Amino acid sequence: YGVRESGVLFHVITPPSRGRLDVHLWRRPEDDTFTLLDLNNDWVGYVHDGSETSEDSVVLELELVTRSGYILPSYLQSRHRFVLPVRVVARNDAPSIVLPPANVLRLAAGSSKTLTNQIINVVDSDTPPNRLRISVLNLKEPEGAYIESSQVPGTPLHSFTMEQLNQDIITYVHRGSPDTQIVLKVTDGLETTGPVISQ
């Protein structure tokens with residue numbers, strides 16, 4: 001029918017609601033057309049907005065434009081509207097540990113301090129606090145410094161959840177050396193970040 005890839009036009013009627021089309025050639029916000037040639041050159045993509053949705057859609061109209069001297073059959077001369085479904089495949093965001101700016105926990109020798117989410121915080125937008133597990137890579141002996149739960153005092157913890165930290169039941173107990181380091185790592189069950197050292 002004399003239609004080249006550059007003559008297969010896609011007009012965006014309704015843009016996606018959970019993301020946006022990223023078209024290499026679009027220079028202005030009002031641009032709303034791309035071609036089959038653009039698709040074949042990988043110049044058209046979909047950028048998700050980061051929400052927890054797994055589906056989106058774009059309403060397009062297909063228009064065929066012939067080269068000079070060709071005439072399309074009547075059923076192909078008008079635009080044809082269709083919905084292009086978009087399936088979003090979720091990607092796990094790795095957790096990260098956020099410590100105070102000075103990265104130093106100050107307390108009197110031989111004392112204890114409740115660890116709060118102001119002292120140790122974990123940022124992970126796609127995992128609930130009860131599934132974010134913080135592991136203590138050192139401090140395992142009760143005669144030295146250790147981390148405990150107020151529900152089981154005197155017993156060193158090897159790990160605890162962000163939920164427990166939010167409940168203010170995790171305590172750092174200082175014994176021994178005045179300049180002890182705490183080495184932590186965090187996992188959401190899929191990704192692990194760390195180790196992070198606090199002094």
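Computed from a predicted structure; not experimentally measured. By convention here, the first residue in the shown sequence is residue 1.
- In plain terms, the two heavy atoms of Pro16 and Tyr46 that are nearest each other are CB-CE1, 3.7 Å.
- Here CG of Leu132 is found 12.0 Å from CD of Gln164. Values are rounded to the nearest 0.5 Å.
- With hydrogens and angles ignored, the 3.5 Å screen pairs a side-chain donor or acceptor of His174 with a backbone N or O of Gly110.
- Criterion: ILVMFWY side-chain heavy atoms under 4.5 Å apart, direct or through other members. Under it, Leu76 and Leu60 are part of a common hydrophobic cluster.
- Here the side chains of Thr161 and Arg133 are in contact, with some heavy-atom distance below 4.5 Å.
- Separation of atoms CG (Leu39) and CG (Asp42) is listed at 8.5 Å; rounding is to 0.5 Å.
- Here CG of Leu21 is found 10.5 Å from CG of Asp32. Values are rounded to the nearest 0.5 Å.
- Put simply, OG on Ser149 and CD1 on Ile169 are 4.5 Å apart, with the number rounded to the nearest 0.5 Å.
- The OG atom of Ser159 sits 10.0 Å away from the NZ atom of Lys185 when rounded to the nearest 0.5 Å.
- With hydrogens and angles ignored, the 3.5 Å screen pairs no side-chain donor or acceptor of Glu148 with any backbone N or O of Thr171.
- Judged by distance alone, the side chain of Gln77 and the main-chain N or O of Leu72 form a donor-acceptor pair under 3.5 Å.
- Counting only heavy atoms from C-beta outward, the side chains of Pro95 and Glu191 approach each other to under 4.5 Å.
- Cluster annotation: Leu84 and Val12 are assigned to the same hydrophobic cluster (Ile/Leu/Val/Met/Phe/Trp/Tyr, side-chain heavy-atom contacts under 4.5 Å, transitive).
- Contact record, Asp93 with Ser125: OD2-OG, 2.9 Å, taken as the closest heavy-atom pair.
- Within 6.0 Å of CZ on Arg67 lie more than 12 heavy atoms contributed by other residues, nucleotides or ligands.
- Inter-residue side-chain proximity for Asp124 and Asp126 is flagged as met; some heavy-atom pair is nearer than 4.5 Å.
- No side-chain heavy atom of Met162 sits under 4.5 Å from any side-chain heavy atom of Ile120.
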Checklist line | Candidate pair Leu184 and Val136, rule side chain to side chain contact (heavy atoms under 4.5 Å, CB included), full reasoning | finding: CA-CA 5 Å; Leu184 304 170; Val136 183; 4.0 Å; yes
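- Residues forming a ring-ring contact (aromatic ring centres under 6.0 Å, His included) with His24 (at least two apart in sequence, or on another chain): Trp43.
- Linking ILVMFWY residues whenever their side-chain heavy atoms come closer than 4.5 Å, directly or via other members, leaves Leu36 and Tyr70 in distinct clusters.
- Residues that satisfy the ring-ring contact (aromatic ring centres under 6.0 Å, His included) test with Tyr172, not counting sequence neighbours, are absent from this structure.
- In this structure a side-chain-to-backbone donor-acceptor pair under 3.5 Å is present from Asp38 to Thr35.
- Between Thr53 and His48, some side-chain heavy-atom pair lies under the 4.5 Å cut-off.
- A single hydrophobic cluster is seen to contain both Val83 and Ile13, as judged by linkage of ILVMFWY side chains at heavy-atom distances under 4.5 Å, directly or through other members.
- Note: Phe34 and Phe10 have parallel aromatic rings, judged against thresholds of 30 and 60 degrees for the angle between ring planes.
- Under the 3.5 Å distance criterion, with hydrogens and angles disregarded, a donor-acceptor pair is assigned to the side chains of Thr33 and His11.
- Although no hydrogens or angles enter the test, the distance criterion places no donor-acceptor pair under 3.5 Å between the side chain of Asn130 and the main chain of Glu163.
- Counting only heavy atoms from C-beta outward, the side chains of Thr66 and Ile71 never approach each other to under 4.5 Å.
- With sequence neighbours left out, the ring-ring contact (aromatic ring centres under 6.0 Å, His included) criterion links Phe160 to no other residue.
- The two residues Leu115 and Leu165 make their nearest non-hydrogen contact at O-CD1, 3.4 Å.
- In the hydrophobic clustering of this structure, Val58 does not group with Val47; members are Ile, Leu, Val, Met, Phe, Trp, Tyr whose side-chain heavy atoms approach within less than 4.5 Å, directly or through other members.
- Atoms CG and CG, on Leu9 and Leu62 in that order, are 8.0 Å from each other to the nearest 0.5 Å.
- In this structure, Ser150 and Pro153 approach most closely via the heavy-atom pair O-CD, 3.6 Å.
- Between Val173 and Ile147, every side-chain heavy-atom pair lies at or beyond the 4.5 Å cut-off.
- Here the closest heavy-atom approach between residue Thr193 and residue Ala94 is recorded as OG1-CB, 4.2 Å.
- Considering only heavy atoms from C-beta on, Val98 stays 4.5 Å or farther from Val122 through its side chain.
- Counted within 6.0 Å of CZ on Phe82, heavy atoms from surrounding residues, nucleotides or ligands total more than 12; the atom is thus considered enclosed.
- Not one N or O on the side chain of Asp56 forms a donor-acceptor pair closer than 3.5 Å with the backbone of Val88.
- Checking Ser51 against Arg18 by side-chain atom types alone, no donor-acceptor pair falls below 3.5 Å.
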